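When reading the values below, keep in mind they use all heavy atoms of this one structure, side chains included, and skip hydrogens, waters and symmetry mates. Note that the structure is predicted; figures quoted are calculated from it, not measured.
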Amino acid sequence: MRRKYGIAGVLFSAMLALAACGSGGSGTGGNPLETTGAAPSGSASGGGGKAVVGSFDFDESVLLGSIYAQALEAKGVQVEEKPRIGSREVVVGQVKSGGLTIVPEYNGNLLAFLDQSNKAATTEEVNTALKEKLPPELEVLDSSPAEDKDTLSITKDTQTKQSLNSMEDLAKVSKTFVVGGPPEFKKRWEASFKEVYGIEFKEWKPTGPTTADAIKDGTIQTGNVFTTDPKMAANNLVPLQDTKNIFPAQNVTPLLNKAAANDTIKTTLNGISAKLTTESLLEMMQKISVNKDEPATVAKEWLTSNGLG
C-alpha cells in the first residue's frame with residue numbers, strides 16, 4: 001500500500017472542528033453530523049443496544065451503511081443512520097470521538113490514512129498493520145471478501161491508440177493527460193504516483209462521482225474509478241495494471257468505536273462480512289447505478305436473500 005495521507009496526523013487533532021461543518025449532505029439539506037441526543041452507548045437497550053451508522057459521501061458506502069443498519073435493527077439494536085457525511089478525514093474522527101458508532105470502511109485506505117508510509121499490500125498484511133496502527137478508541141472487525149479497489153482507468157479507445165496497458169505505460173504520456181477523481185485525490189496521490197511510477201499529470205480535476213463519465217466524454221483522459229463501479233463496463237473503460245501495487249487490498253471492513261459497540265453489534269457485522277462478496281457488491285451497485293433503485297431497498301433485498309434481514 002502506497003497511498004499517502006501526509007495530513008493524517010494533523011487532522012486527527014482537528015477532527016471535531018472539521019466535523020462541525022461536515023462535507024456532505026444527508027439528502028435533506030441539513031448537516032448529517034447533527035444529533036438530537038447523546039452519543040450512542042453499547043449498553044443494553046431493547047436487548048440490542050444503540051448505534052449510529054455513518055457512511056462516506058458515495059453510493060456504495062451508503063449501501064453498505066444501510067446493510068449494516070437494517071441488519072442491526074433486525075437484531076434489536078436501536079439504529080440512527082447518518083449517510084453521506086463526507087471524506088475519511090471527517091468520518092474517522094467522528095468514529096473516534098463516538099459521534100458515530102460504525103462506518104463501513106476499506107482496510108487499505110484506512111491503513112494509508114493512519115500510516116502514510118506503510119507498504120502492506122495483501123489483505124492479511126493490511127489487516128495486521130492496521131490493527132497495530134489504530135488509535136485505542138477504534139476497532140476493526142472481520143474483513144469481507146468483497147473488495148472495491150482504486151484504479152486509474154482509461155477508455156478502450158485510448159488504450160488501443162496509445163498502447164497503454166499499465167501505469168508504467170501511463171508514465172510515458174502522463175504529462176499530456178488530465179486526471180480526475182475525488183476532491184482529495186490530488187493531495188492523497190500526487191506524490192505517490194511520481195515516486196512509484198514517475199507519473200506527473202498535466203492537470204488534476206475534482207470530478208468526484210462523475211469521473212467515469214468524464215473519462216468517456218474526454219473531459220479527462222484518465223481517472224480514479226473503482227472496480228465495483230458499474231460505469232466501468234457501461235462506459236467501456238479499462239483499468240491500467242498496477243504492476244507495483246500502489247493500490248493495496250481494499251476489503252470492506254467495519255470500523256467501530258470500541259466503547260460503543262456491544263457483542264450483538266459485532267456478531268451481526270461479522271456475519272455480514274462473511275457473506276459479502278465482490279460479485280454481490282457489483283450486482284447491488286448495478287441496481288443502484290443502472291436501475292436507479294434506492295440503496296435501502298437494495299440492501300434489504302440482499303439481507304433477505306442471505307438470511308440476515
Out of curiosity, Y106 OH to N251 CG, how far, rounded to the nearest 0.5 Å?
-> 11.0 Å
Could you tell me whether a side-chain N or O of D169 sits under 3.5 Å from a main-chain N or O of S166, the two making a donor and an acceptor?
-> yes
Is K119 salt-bridged to E125, going by a charged N under 4.0 Å from an acidic O?
-> no
Please find out if less than 6.0 Å separates the ring center of W189 from that of F201.
-> no
Is any side-chain N of the basic residue among K187 and E89 closer than 4.0 Å to the acidic one's carboxylate O?
-> no
Would you check if the side chain of S97 reaches a backbone N or O of Q94 as a donor-acceptor pair within less than 3.5 Å?
-> yes
Using a distance-only test with no angle check, is there a side-chain donor-acceptor pair under 3.5 angstrom linking T207 and T210?
-> no
Any donor-acceptor pair under 3.5 Å from K275 side chain to N306 backbone | yes
Does the distance from a Lys or Arg side-chain N to an Asp or Glu carboxylate O, for R84 and D57, drop under 4.0 Å?
-> yes
Atom CD of E294: over 12 foreign heavy atoms under 6.0 Å | no
Heavy-atom donor-acceptor pair, N235 side chain to I215 backbone, under 3.5 Å | no
Can you tell if the side chain of E105 reaches within under 4.5 Å of the side chain of R88, non-hydrogen atoms only?
-> yes
Looking only at heavy atoms, the pair that brings A249 and V126 closest together is CB-CG2, 4.3 Å
Kindly indicate, with the supporting measurements, whether the criterion side chain to side chain contact (heavy atoms under 4.5 Å, CB included) is fulfilled by T211 and F185.
-> CA-CA 11 Å; T211 299; F185 187 61; over 6 Å; no
Are any of the side-chain nitrogens in K266 or E139 under 4.0 Å away from the carboxylate oxygens of its partner?
-> yes
Using only heavy-atom distances, determine whether the side chains of S144 and S273 contain a donor-acceptor pair under 3.5 Å.
-> no
In terms of the angle between their ring planes, are F247 and F193 parallel, tilted or perpendicular, with boundaries placed at 30° and 60°?
-> perpendicular
Okay, side chain of S280, backbone of L276: is any donor-acceptor separation there less than 3.5 Å?
-> no
Looking only at side chains, do Q250 and N107 share a donor and an acceptor under 3.5 Å apart?
-> no
